[in-house]
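Report on the following structure.
Naming: A, B, ... by sequence-line order, numbering from 1 per chain. Keep in mind it's a predicted model, so treat the numbers as computed, not measured.
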Amino acid sequence: MLTHSRERPSAPKYRLDLLEGHLGRIPALTLWAAAGLFACSVGNALTRSTATESELLYWLGLLLIAVPIFWRLTGKDAGYGERLVLIALLGLALFGVKAIRDSILFNFPDEFVHAFNAEQISATDHLYGDNPALPITPRFPGLGSAASALIELSGISAFAAGMILIAAARVAFVSALFLVFCRVGGSARIAGIGVALYTGASNFLFWGAQFAYESLALPLLVVVLFAFVEREAAPRTWREGYAMPVVLGIVAIAVTHHLTSYALAVTFIALAVLYRVLRVDRPNPWPFALLAVVAAGGWLLIAARETVDYLVPVLTDAIGAIFKTAAGEDSPRAIFQTSESSLGVTPLLARGVALLAIALLLVAFLLGTKVAWRRFQREPLVLLFGVAAVGFFGALGLRFAPAAWETGNRAGEFFFIGLAFIAAFGIVELQRHAAPLGRLRSRAAVVAVMAVVLVGGAISGWPWDVQMARPLRISAAGNQISSEPLALAEWSKRRLDGSRFAAPAADARLLLQPGGQVAFAGQGPDIEDIVNSTELEPWQLPLLRTNRLRYVVIDRREISGDTLRGYYFEVPGQGDDGLYDRGVYEKFDRLPAGRIWDSGNIFVFDLEAKP
Amino acid sequence: MTSSHDPRLVGLAAVVCAAIAVAVPVEAVRVIVTLPLVLLLPGYAVVAAAFGARLLDVPQRFLLALACSLMIAILGGIVLNSMPGGIDTLNWALLLVAVTVVACWIAARRRRGRPHVATGGEKLRVGRGELAMFAAAALIAVAAIVLAQTPFPANDARGFTALAMLPETEGAAVEVDVISSEQHSQRYVLEVGSRRSGRPEVRRFALEPGETTSVRIPVSVDGRQRIDAVLYRANDPNRVYRRVTTWLGGSESGP
């Protein structure tokens with residue numbers, strides 16, 4: 001039996017034969033998970049075909065994937081190996097839910113951006129190109145670099161490479177999280193429950209599964225934590241081995257995602273301080289803290305100074321928004337409401353489930369804190385988990401301040417790691433308290449709690465009306481037809497070669513990828529006002545010229561500025577089918593400029609086609 | 001004597017995978033060899049080098065192999081960016097093979113003369129029923145993916161037709177594209193011409209949903225002139241359905 005000689009008390013003993021000779025419930029639960037995935041796929045096919053707007057099959061599919069696994073994880077029969085495999089299955093199957101929603105093209109706002117970067121690397125054989133949508137992203141080339149390895153060596157598309165990469169990262173994420181919880185908590189059962197709870201983090205199902213740099217960096221952060229805790233528990237002669245992935249991971253994260261690298265640095269600094277204060281009888285991790293600071297800070301100075309201009313306004317706006325909302329100067333944001341739109345209003349029942357999930361997490365946290373404090377009050381990482389758990393509930397408050405919502409949402413996925421660990425103890429406590437109900441009923445009760453957390457997290461993490469697929473490419477008379485903005489992107493890919501566009505946000509995303517054009521949108525430069533206004537202001541043409549934006553896309557669909565909803569076919573009665581006044585495109589018709597595309601709602605003007 | 005944990009096998013596997021990825025033009029084959037080459041082998045070798053004769057248990061070995069391979073892929077691009085040739089197929093293959101082979105060599109040296117500290121365990125027993133469940137699960141998952149990638153009719157979705165026109169970069173002609181994303185077949189009338197040239201070129205055609213027709217229309221150019229393309233639906237010939245314009249010939253006037 002292979003063990004670490006200087007292990008913490010009650011650390012699990014690992015065996016080389018992971019599954020101890022048998023598969024347990026793995027085959028059956030794999031079948032359930034596949035069935036659940038199929039149900040989600042059927043649900044998405046029905047919404048894509050506009051046959052229904054019902055999400056029932058989708059939610060049933062989600063529960064079919066998760067609940068049987070939750071049941072097994074809350075029991076005592078499964079071995080360590082089986083729990084680990086089930087966690088990996090859960091993580092991969094839930095990634096599959098996102099993948100089958102968007103299995104034709106990327107649909108998420110940031111995915112277009114990163115796919116464009118990956119394609120630019122392949123086209124130019126170099127990093128650090130320009131990205132008109134999110135200029136900071138090429139400065140953190142880790143994701144693009146890894147994707148280009150797959151693209152160059154296999155010939156697959158950026159879409160396929162992105163899916164494979166994030167699936168691999170997802171498997172690494174949940175596996176590493178399980179192993180961290182296992183090592184620190186001393187129980188594979190607690191670890192499995194903890195990771196299962198983490199799937200209820202609001203960004204886990206969709207946001208964290210998109211092809212974006214944080215989706216690669218956050219899993220690597222957890223892997224670094226795993227290597228760190230194993231190093232702690234290992235005999236001295238093993239420590240150099242574990243130091244390698246810690247060091248490699250710190251550097252890799254620094255070049256992949258800004259916030260994750262700063263979070264990692266803060267984590268190691270906090271651990272170093274706690275080790276000192278608590279006089280922990282293990283080597284202080286200050287060298288890792290120093291490396292993390294040097295790596296993150298060094299990359300910022302060497303390659304990514306724009307990060308400051310990118311992040312500081314977001315953070316200062318968030319802080320300002322908190323104070324203004326608290327002081328009553330700004331109205332609080334309605335939770336479950338997306339920006340100013342009336343779209344995506346979450347039904348009352350769904351809101352109830354999401355709020356219930358938070359309440360249950362709070363209960364689990366309070367119960368878990370009692371247990372965790374008793375057992376781990378001198379364990380720095382567990383204390384940090386506790387602080388993170390408190391931070392999660394604090395970050396929820398940010399959701400009420402309009403400009404701080406995103407900051408709170410993104411911080412939540414880091415803090416939830418700590419909450420999941422602490423709450424796992426609470427779930428076990430809940431099960432113990434419910435024991436008078438009977439063994440099966442008490443187990444069913446906690447599984448129900450975990451299911452509510454999963455569904456509640458999914459509800460809070462993504463607008464209700466776009467949880468499921470919408471028609472992007474459909475079949476008509478046996479042929480495929482594309483939505484209006486997608487058709488423009490496909491045409492531009494065939495006919496234009498990396499041309500520069502000004503466009504509404506959703507059109508711009510599709511023009512980036514799959515269109516392969518350089519498309520600007522938003523307010524930096526101020527394209528938004530150009531494409532939405534009915535009058536041509538004196539500053540507009542000079543701005544387009546200065547930025548060398550030859551082509552201007554005018555999209556009458558009001559939804560074209562919405563990077564979650566603006567890509568699809570118009571379905572009368574579904575969503576926002578309002579149109580801007582004709583003036584938005586007639587102002588360009590009055591110019592001596594060419595109009596090179598007309599698809600009814602979308603027009604493209606060529607400012608260089610003139611007399 | 002080699003064992004299944006012999007790092008030399010890993011190095012050899014990397015060389016073979018890289019050679020196939022570079023040399024074989026069949027995408028499916030390249031995908032099969034690229035996945036281990038990018039996502040497993042370099043990390044496995046590096047972990048083996050780091051731990052020497054100490055053999056990690058299966059979950060740790062697999063996790064670290066996967067994660068370290070991702071880290072190497074992340075950092076590898078930054079290294080290649082400064083190399084001659086940059087980030088291309090050959091350089092990626094060379095880099096990943098080099099990292100794997102060097103790490104395997106280090107691992108082999110560190111293990112020399114020191115047997116693995118590894119214990120055997122129970123042989124995994126997989127029954128027919130369990131195999132059947134895995135097979136069924138795989139089939140269902142594949143069906144889910146195929147379903148997800150299949151476009152279905154969406155009768156409520158509003159179709160459209162797109163008209164596009166670009167001047168040829170040289171010469172006096174325009175390329176006109178008519179793209180049908182309608183739900184049913186449509187008949188169209190296309191008129192292309194300039195005011196100066198008199199009668200426009202007229203084309204009549206029908207398009208099925210998803211069909212595109214591309215027409216090259218030479219235009220007799222006498223100085224710079226505006227070219228208009230107008231599309232009508234055959235069943236509504238008096239209403240302009242789509243309209244595009246461009247300019248051809250001569251040189252642009254003014255700033």
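- Contacts between A:I602 and chain B at a heavy-atom distance below 4.5 Å are absent for every atom of the residue.
- By the 6.0 Å contact criterion, CH2 on A:W32 is open, its count of non-hydrogen atoms from other residues, nucleotides or ligands being 12 or less.
- Interface summary for chain B: among A:P219, A:S482, A:P592, the most heavy-atom pairs under 4.5 angstrom belong to A:S482.
- With a 4.5 angstrom heavy-atom cutoff, B:S69 does not touch chain A via any of its atoms.
- A salt bridge between A:E484 and B:R158 is absent, with no side-chain N of the basic residue lying under 4.0 Å from a carboxylate O of the acidic one.
- At a 4.5 Å heavy-atom cutoff, A:F178 makes no contact with chain B through either its backbone or its side chain.
- Put simply, of A:D577, A:T50, A:V571, the one with the most heavy-atom pairs under 4.5 Å next to chain B is A:T50.
- In this structure a side-chain-to-backbone donor-acceptor pair under 3.5 Å is present from A:S145 to B:I74.
- Of the two parts of A:T124, neither the backbone nor the side chain holds a non-hydrogen atom closer than 4.5 Å to a non-hydrogen atom of chain B.
- Note on B:G127, B:A49, B:A135, B:G86: by heavy-atom pairs under 4.5 Å with chain A, the leading option is B:G86.
- At a 4.5 Å heavy-atom cutoff, the contact between B:L37 and chain A is made by side-chain atoms alone.
- Only the side chain of A:R494 comes within contact range of chain B, with at least one heavy atom under 4.5 Å from a heavy atom of that chain.
- If you tally non-hydrogen atom pairs under 4.5 Å between each of B:D88, B:I20, B:T246 and chain A, the highest count goes to B:D88.
- The pair B:R110-A:E240 meets the salt-bridge criterion, since a charged nitrogen lies less than 4.0 angstrom from a carboxylate oxygen.
- Looking at A:I100, the atoms closer than 4.5 Å to chain B (heavy atoms on both sides) sit in the backbone and in the side chain alike.
- Between B:F160 and A:F569, the ring planes are tilted. Angles from 30° to 60° get that label.
- Proximity of a side-chain donor or acceptor of A:S41 to a complementary backbone N or O of B:A144 within less than 3.5 Å is detected.
- Listed for the B:R30 side chain is a donor-acceptor partner under 3.5 Å among the backbone atoms of A:E152.
- Only the backbone of A:A593 comes within contact range of chain B, with heavy atoms under 4.5 Å apart.
- In this structure, chain B has a heavy atom under 4.5 Å from the side chain of A:D589, while its backbone stays farther away.
- Judged by distance alone, with hydrogens and angles left aside, the side-chain atoms of A:T30 form no donor-acceptor pair with the main-chain N or O of B:A137 at under 3.5 Å.
- The backbone N or O of A:K610 sits less than 3.5 Å from a side-chain atom of B:R224, completing a donor-acceptor pair.
- With a threshold of 4.5 angstrom between heavy atoms, A:V604 does not approach chain B through any atom at all.
- Neither the backbone nor the side chain of A:I253 comes within contact range of chain B, judged by heavy atoms closer than 4.5 Å.
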> Where do A:W491 and B:T212 land on the side-chain hydrogen bond (donor to acceptor under 3.5 Å, both in side chains) test, with the steps shown first?
Replying inline: CA-CA 10 Å; A:W491 175 82; B:T212 297; over 6 Å; no
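- Judged by distance alone, the side chain of A:R495 and the main-chain N or O of B:D177 form no donor-acceptor pair under 3.5 Å.
- With hydrogens and angles ignored, the 3.5 Å screen pairs a side-chain donor or acceptor of A:S103 with a backbone N or O of B:A148.
- For A:F605, no part lies under 4.5 angstrom from a heavy atom of chain B.
- The choice from B:P153, B:S185, B:G159 that makes the most heavy-atom pairs within less than 4.5 Å of chain A is B:P153.
- Formation of a donor-acceptor pair under 3.5 Å by the B:T34 side chain with backbone atoms of A:L150 is not found in this model.
- Of the charged side-chain nitrogens involved, none lies within less than 4.0 Å of a carboxylate oxygen, so that A:R595 and B:D228 do not count as a salt-bridged pair.
- The contact between A:P572 and chain B is made by backbone and side chain atoms together, counting heavy-atom distances below 4.5 Å.
- The main-chain N or O of B:R242 is never found under 3.5 Å from a side-chain atom of A:D598 such that the two would form a donor-acceptor pair.
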